[in-house]
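Below is one structure; the comments refer to it alone.
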Amino acid sequence: MTTSLTDRYLAATLRSVPTARREEIADELRASIGDMVDGRTAEGVDAATAEREVLTELGNPAELAARYADRRLQLIGPTYYLAWQRLMIGLLSTIPAIIGVLMGVLEATVSDNAGGAIGKGIVAAFNVAVQIAFWVTLVFAVMERVGTPLNQPQWSVDQLPDEPVERDVSLTDVCASIVFLVLFIAALPWQHFQTVVGDGDRLPILDPALWSFWLPALLVVLVATIGLEVAKYRARRWTWPLVAVNAVLNLAYAVPVIWLLSNDKLFNPEFVARFAWLREGGIDTVARISIVVVVATTLWDVVDSALKARRATS
């Protein structure tokens, strides 16, 4: 089924305005477009041509939505703001988390201070986020002052989405989730072969015996979760079948991890023996905190997906 350019334009505009005002704005904008098109057709212009001319005159739906929502696009300047915003969201949603995790893991492998390792990871992530925000903003501000062109293609109605269907799942969120999952998957074999402890010895963090079954099984669950992210994006929103699959995958990951942590089977005994704070009861603290985190994140993810599916189908 095909849809009119007006329907596609309305959908692209309304996705960026407050939900409570969407119906009001949709009626007002549709009426305005209709009046403008009628005015041109009365002058002898073909209806399809008139519609394209009117929508082109109205301009980029994101800018029009900002005007309807009384949201100023002037942090950098209207010419550069949308490009700056897209770049900042893409960089800040992935790079600080990646650097923070890597710095925390590296610090944990060379010191006996777990709190210090976590703190170093958080500080590293914060510093990277600040640096990204500062330098990207500075570059865009300088570009605007000197009038550097972005050389982006001028917006046209041909860039409108094919279908006027609201998307509740953003590409940025899906990409961030997939990047995290890929890094997590890569970290499992990496910790087995590349974890350096103390004087340069390579010692796995997780018990190598787990590679006989548990770790491959968890890898399968993580890969399946990537597939779920792709399916969720293609479906444009959470659906109840996707919620069910998400719950199963969460349980398939959480239950084995909690069981392994509860029975002291997750961490490599030789790795634990290398650090005094772990030998002296620290490993029990790590296990308890990890169990709480796993339970909390599992419940949150399942409940959050169910609430989103309910909103999407109500």
Worksheet item: Any side-chain heavy atom of Leu29 sitting closer than 4.5 Å to one from Leu64?
Response: yes
Discussion item. Closer than 3.5 angstrom, by distance alone: can the side chain of Asn263 be matched with the main-chain N or O of Lys265 as a donor-acceptor pair?
Written reply: no
Discussion item. Restricting to non-hydrogen atoms, name the atom on Pro204 and the atom on Phe271 that form the minimum distance, rounded to 0.1 Å.
Written reply: O-CB, 3.4 Å
Worksheet item: What pairs with Glu51 under salt bridge (Lys or Arg N to Asp or Glu O under 4.0 Å), at least two apart in sequence or on another chain?
Response: none
Worksheet item: Among all residues two or more places apart in sequence or in another chain, which pass the side chain to side chain donor-acceptor pair (under 3.5 Å) test with Glu270?
Response: none
Discussion item. Let me confirm one number: the OG1-CG distance from Thr19 to Leu14, rounded to the nearest 0.5 Å.
Written reply: 10.0 Å
Enumerate donor-acceptor pairs with a distance under 3.5 Å from any side-chain N or O in residues 289-302 to protein atoms, sequence neighbours excluded.
unit_1	atom_1	unit_2	atom_2	d
Ser290	OG	Val286	O	2.7
Thr297	OG1	Val293	O	2.8
Thr297	OG1	Val294	O	3.1
Thr298	OG1	Val294	O	2.7
Asp301	OD2	Asn246	ND2	3.2
Asp301	OD2	Asn250	ND2	2.8

Fill in: Minimum heavy-atom distance Met103-Lys120, with the two atoms named
CE-CE, 3.7 Å
Can you give the donor-acceptor pairs under 3.5 Å from side chains of residues 208-228 to other protein atoms, not counting sequence neighbours?
unit_1	atom_1	unit_2	atom_2	d
Trp211	NE1	His192	ND1	3.3
Ser212	OG	Ala209	O	2.8
Thr225	OG1	Val221	O	2.8

Discussion item. Test of understanding: with side chain to side chain contact (heavy atoms under 4.5 Å, CB included), list the residues that count as partners of Ala47, not counting sequence neighbours.
Written reply: Thr41
Item to complete: Evaluate the criterion side-chain contact (heavy atoms from CB on, under 4.5 Å) for residue pair Leu278 and Phe267; output intermediate values, then yes/no.
Response: CA-CA 11 Å; Leu278 288 176; Phe267 297 104; over 6 Å; no
Worksheet, complete the sentence: Of all heavy-atom pairs linking Thr94 and Gly90, the shortest is OG1-O, 3.1 Å
Worksheet item: Any chain of hydrophobic side-chain contacts (each under 4.5 Å) joining Val303 to Val245?
Response: no
Worksheet item: Would Ile132 end up clustered with Leu87 when hydrophobic side chains under 4.5 Å apart are linked, directly or stepwise?
Response: yes
Worksheet item: Linking Ile, Leu, Val, Met, Phe, Trp and Tyr through side-chain heavy atoms less than 4.5 Å apart, which residues share a cluster with Val130?
Response: Phe126
Item to complete: Can you sort out the partners of Asp304 under salt bridge (Lys or Arg N to Asp or Glu O under 4.0 Å), two or more places apart, ordered by chain and number?
Response: Lys308
Practice prompt. I would like to know whether Asp264 and Asp284 meet side-chain contact (heavy atoms from CB on, under 4.5 Å); could you show each step before the answer?
Written response: CA-CA 8 Å; Asp264 296 327; Asp284 294 329; 4.1 Å; yes
Worksheet item: side-chain hydrogen bond (donor to acceptor under 3.5 Å, both in side chains): which pairs involve residues 26-39, sequence neighbours left out?
Response: Asp7-Arg30
Practice prompt. State, yes or no, whether a side-chain contact exists between Leu266 and Asp207 at a heavy-atom distance under 4.5 Å.
Written response: no
Response to the item:
Taken to the nearest 0.5 Å, the spacing of Ile185 CD1 from Ile178 CD1 works out to 10.5 Å
Item to complete: Check for a donor-acceptor pair, side chain of Asn268 on one end and backbone N or O of Ile205 on the other, with a separation under 3.5 Å.
Response: no
Fill in: Minimum heavy-atom distance between Ala125 and Gly100, given as atom pair plus value
CB-CA, 4.0 Å
Discussion item. Are Thr6 and Val54 packed together at the side-chain level, in the sense that at least one heavy-atom pair is separated by less than 4.5 angstrom?
Written reply: no
Discussion item. As an exercise, state the distance from CZ of Arg52 to OG1 of Thr56, rounded to the nearest 0.5 Å.
Written reply: 6.5 Å
Worksheet item: Can you tell me how far the CD atom of Glu53 sits from the CG atom of Asp46, to the nearest 0.5 Å?
Response: 9.5 Å
Fill in: Listed partners of Arg288 passing salt bridge (Lys or Arg N to Asp or Glu O under 4.0 Å), at least two apart
none
Fill in: salt bridge (Lys or Arg N to Asp or Glu O under 4.0 Å) partners of Glu57, counting only residues at least two apart
Arg40
Practice prompt. Give the intermediate values and the outcome of side-chain contact (heavy atoms from CB on, under 4.5 Å) for residues Val17 and Arg21.
Written response: CA-CA 7 Å; Val17 301; Arg21 295 195 58 202; 5.6 Å; no
Item to complete: Give a yes or no on whether Leu181 and Leu188 share a hydrophobic cluster (residues Ile, Leu, Val, Met, Phe, Trp, Tyr; joining criterion: side-chain heavy atoms under 4.5 Å apart).
Response: yes
Worksheet entry | Cys175 SG to Tyr233 OH distance, which is reported to the nearest 0.5 Å | 7.5 Å
Item to complete: For Val243, enumerate each residue passing the side chain to side chain contact (heavy atoms under 4.5 Å, CB included) test, keeping only those at least two apart in sequence or located in another chain.
Response: Trp238, Trp240, Ser305, Ala306, Ala309
Discussion item. What's the separation between atom CZ in Arg8 and atom CG in Leu55, rounded to the nearest 0.5 Å?
Written reply: 9.5 Å
Worksheet item: Is it true that a side-chain atom of Thr239 and a backbone atom of Ala235 form a donor plus acceptor pair closer than 3.5 Å?
Response: no
Worksheet item: Does one hydrophobic cluster hold both Val174 and Val230, with members joined at side-chain heavy-atom distances below 4.5 Å?
Response: yes
Item to complete: Decide side-chain contact (heavy atoms from CB on, under 4.5 Å) for Trp277 and Ile283; before the verdict, give the C-alpha distance in whole Å, the side-chain angles of both, and the deciding distance to 0.1 Å.
Response: CA-CA 8 Å; Trp277 68 275; Ile283 191 63; over 6 Å; no
Worksheet item: How does the hydrophobic cluster around Val248 look, that is, which other residues are in it when side-chain heavy atoms under 4.5 Å mark a link?
Response: none
